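Presented below is the structure to which this report refers.
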Amino acid sequence: MTFPTSLPVPRTLDPKDAPSLRWGILATGWIAERFVDSLRKHTSQQVVAVGSRSKDKAATFASQWGIAAAYGSYEELVADPDVDVVYVATPHSEHHANALLAIAAGKHVLVEKAFTRNAAEAREVIDAARAAGVFLQEAMWTRYLPRIDVVRQLLEDGVLGDLASVVADHGQYMPHNPEGRMYNPALAGGALLDLGVYPVSFSSFVLGKPSAITVVGTLTDTGVDGHIAGVLQAPSGAQALIDTTLLAKTPTIASISGSDARIELSGDFYNQGPVVLISRDGDRLTWDVNPIPGHEGLCYQGVDVARRISEGALESALLPLSETLSIMETMDEIRRQVGVVYPGE
């Protein structure tokens, strides 16, 4: 294929143009703060309620972010008739129960990644949402960014030729704390579900569900995965090399290589940043238009939810529920090979 003269323009919806929904925030941690901040700054979405297991924490969060209603239980939050959609921002271990709670209350739901602890839990949540006729989506925010839509269009147009290789890593240094979320098996800790889900999801985005998985890993003294590296092979024969660790800050970059060209995404690849297209002969094009900085880009997933719900959809075409389930199945197999089992599984 002839090397293009320019890169595609993202088809991403302007966050301010999305229909406005009334959001309830379930949990008050760091990611909940970032999500609310992004909605406040860049969208017309309304955050009308927050729920925590602690009334004081909910009240503090509500005061900080100008939210009208604060509840000391998740049950009260999902029962609020003014809430259209619930954002589940608890640890991975709680996503299954929290999502089912919101679905049972008839709410649309956006669930933080990793979607659940395992595929069995994911399947139950998906089945419940479909039975209830409510919208459900995984908050893998990378999928909804303008940067990734540029990549999506290049893949759709076949610019890379025959795909051969995907490389993606995500490592962060997490100080050892046996009771903390990242090291605690009871909270579904470890590198894979929190960090490695990004390379796994990126591989799925490009190559689909792997037909073969081979990984090695190192466990921490608490029994969660500290480091995992491996190969995910697609039915086509293309391979994804993935790496994740909570023991060091890695480059956190990604690339997609084909017979005609490659795409490079500098770190952190899952965040906003440039897209570089390089031909087999070394010709180079760069896209780098990111008016919304860093984690404020979480707003894109929020407005995708609002748009889909307003259209009557029950899932997003950018990350269908079938793919979310497939990603959980892939991570189940990775954990099986490494030997990570969470309490109660």
Side-chain angles (χ1 to χ4, degrees), residues 12-92 94-95 98-99 101-102 105 107-115 134-146 181 194 268 270-272 290-310 316 318-319:
T12 313
L13 182 71
D14 185 326
K16 293 189 182 300
D17 290 343
S20 181
L21 296 182
R22 299 172 300 176
W23 290 78
I25 309 299
L26 195 153
T28 58
W30 182 87
I31 193 63
E33 291 184 343
R34 302 286 77 71
F35 184 61
V36 172
D37 181 53
S38 72
L39 295 184
R40 290 284 196 202
K41 287 181 177 177
H42 302 290
T43 80
S44 62
Q45 303 302 304
Q46 305 170 64
V47 181
V48 300
V50 60
S52 172
R53 291 175 297 181
S54 161
K55 177 68 173 180
D56 288 343
K57 286 184 178 180
T60 298
F61 191 96
S63 176
Q64 178 183 357
W65 297 104
I67 300 171
Y71 297 110
S73 73
Y74 300 148
E75 289 79 7
E76 290 176 284
L77 173 71
V78 302
D80 187 334
D82 290 332
V83 170
D84 299 318
V85 55
V86 171
Y87 171 60
V88 174
T90 46
H92 307 125
E94 311 307 309
H95 289 179
N98 298 155
L101 182 71
K107 304 300 185 186
H108 304 297
V109 189
L110 175 65
V111 184
E112 256 307 326
K113 57 81 195 160
F115 190 68
V134 299
F135 180 90
L136 177 66
Q137 184 167 315
E138 178 187 2
M140 171 49 73
W141 70 297
T142 305
R143 289 294 181 98
Y144 314 101
L145 296 175
R181 180 177 66 87
D194 198 83
D268 291 334
Y270 60 83
N271 205 321
Q272 303 189 82
N290 294 282
I292 299 177
H295 280 88
E296 291 178 26
L298 287 164
C299 65
Y300 288 107
Q301 69 184 2
V303 298
D304 186 69
V305 171
R307 172 189 172 193
R308 306 292 175 174
I309 291 174
S310 71
S316 175
L318 298 183
L319 182 51

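Excluded from the calculations below are hydrogen atoms, water molecules and symmetry mates; all remaining heavy atoms, backbone and side chain alike, are included. What you are looking at is a predicted structure, and each value in this text was computed from that prediction instead of being measured.
Here the straight-line distance linking atom CG of N271 with atom CD of E296 works out to 10.5 Å at 0.5 Å rounding. For the atom pair L21 CG and R307 CZ, the distance stands at 13.5 Å (nearest 0.5 Å). The CG atom of D14 sits 9.0 Å away from the SG atom of C299 when rounded to the nearest 0.5 Å. In this structure, CG in L110 is found 12.0 Å from CE in M140, a value given to the nearest 0.5 Å. Between the CD1 atom in I31 and the CG atom in L298 there is a gap of 5.0 Å [rounded to 0.5 Å]. To the nearest 0.5 angstrom, D80 atom CG is 13.5 Å from E75 atom CD.
When atom types are taken as modelled, the side chain of T90 and the backbone of A27 share no donor-acceptor pair closer than 3.5 angstrom. Side-chain N or O atoms of R40 include one that pairs as donor or acceptor with a backbone N or O of G66 at under 3.5 Å. For Q272 (side chain) and T142 (main-chain N/O), no donor-acceptor pair under 3.5 Å exists by modelled atom type. Put simply, the side chain of S63 never gets that close to the backbone of A59: no donor and acceptor are under 3.5 Å apart. Side-chain N or O atoms of K107 include none that pairs as donor or acceptor with a backbone N or O of A79 at under 3.5 Å.
Ring-plane geometry between H295 and W30 is classed as perpendicular, the angle between the planes exceeding 60 degrees on a 0 to 90 degree scale with a lower cut at 30. Taking the six-membered ring where the residue is Trp, H92 and H95 present perpendicular rings, their angle passing 60° and hence far from 30°.
The two residues P15 and V303 have their closest heavy-atom pair at O-CG1, 3.4 Å. Contact record, V109 with A102: CG2-CB, 3.7 Å, taken as the closest heavy-atom pair. The two residues V50 and A58 have their closest heavy-atom pair at CG1-O, 3.5 Å. Among all heavy-atom pairs drawn from T43 and L39, the shortest one is OG1-O, 2.8 Å. Annotation for G297 and I292: closest pair N-CG2, 3.8 Å, computed over non-hydrogen atoms. The two residues S316 and Q137 come nearest to each other via the heavy atoms CB-OE1, 3.2 Å.
A side chain to side chain donor-acceptor pair (under 3.5 Å) with D84 is found for one member of Q45, R22, Q46 and no other, namely R22. None of W23, Y300, W141 except one satisfies the ring pair (Phe, Tyr, Trp, His ring centres under 6.0 Å) rule with F35; the exception is W23.
Side-chain contact between V305 and H108 is absent, with no heavy-atom pair separated by less than 4.5 Å. In this structure the side chain of W65 reaches within 4.5 angstrom of the side chain of E33, judged on heavy atoms. Counting heavy atoms from C-beta outward, L145 and Y270 have side chains that stay 4.5 Å or more apart.
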Quiz prompt | Step-by-step side-chain contact (heavy atoms from CB on, under 4.5 Å) determination, V134 to L136 | solution = CA-CA 7 Å; V134 299; L136 177 66; 5.7 Å; no

Self-check item: Derivation and outcome, salt bridge (charged side-chain N to carboxylate O under 4.0 Å, His left out), residues R143 and D304
Solution: CA-CA 10 Å; R143 289 294 181 98; D304 186 69; over 6 Å; no

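Of the N and O atoms on the side chains of N98 and Y74, not one donor lies less than 3.5 Å from an acceptor on the other residue.
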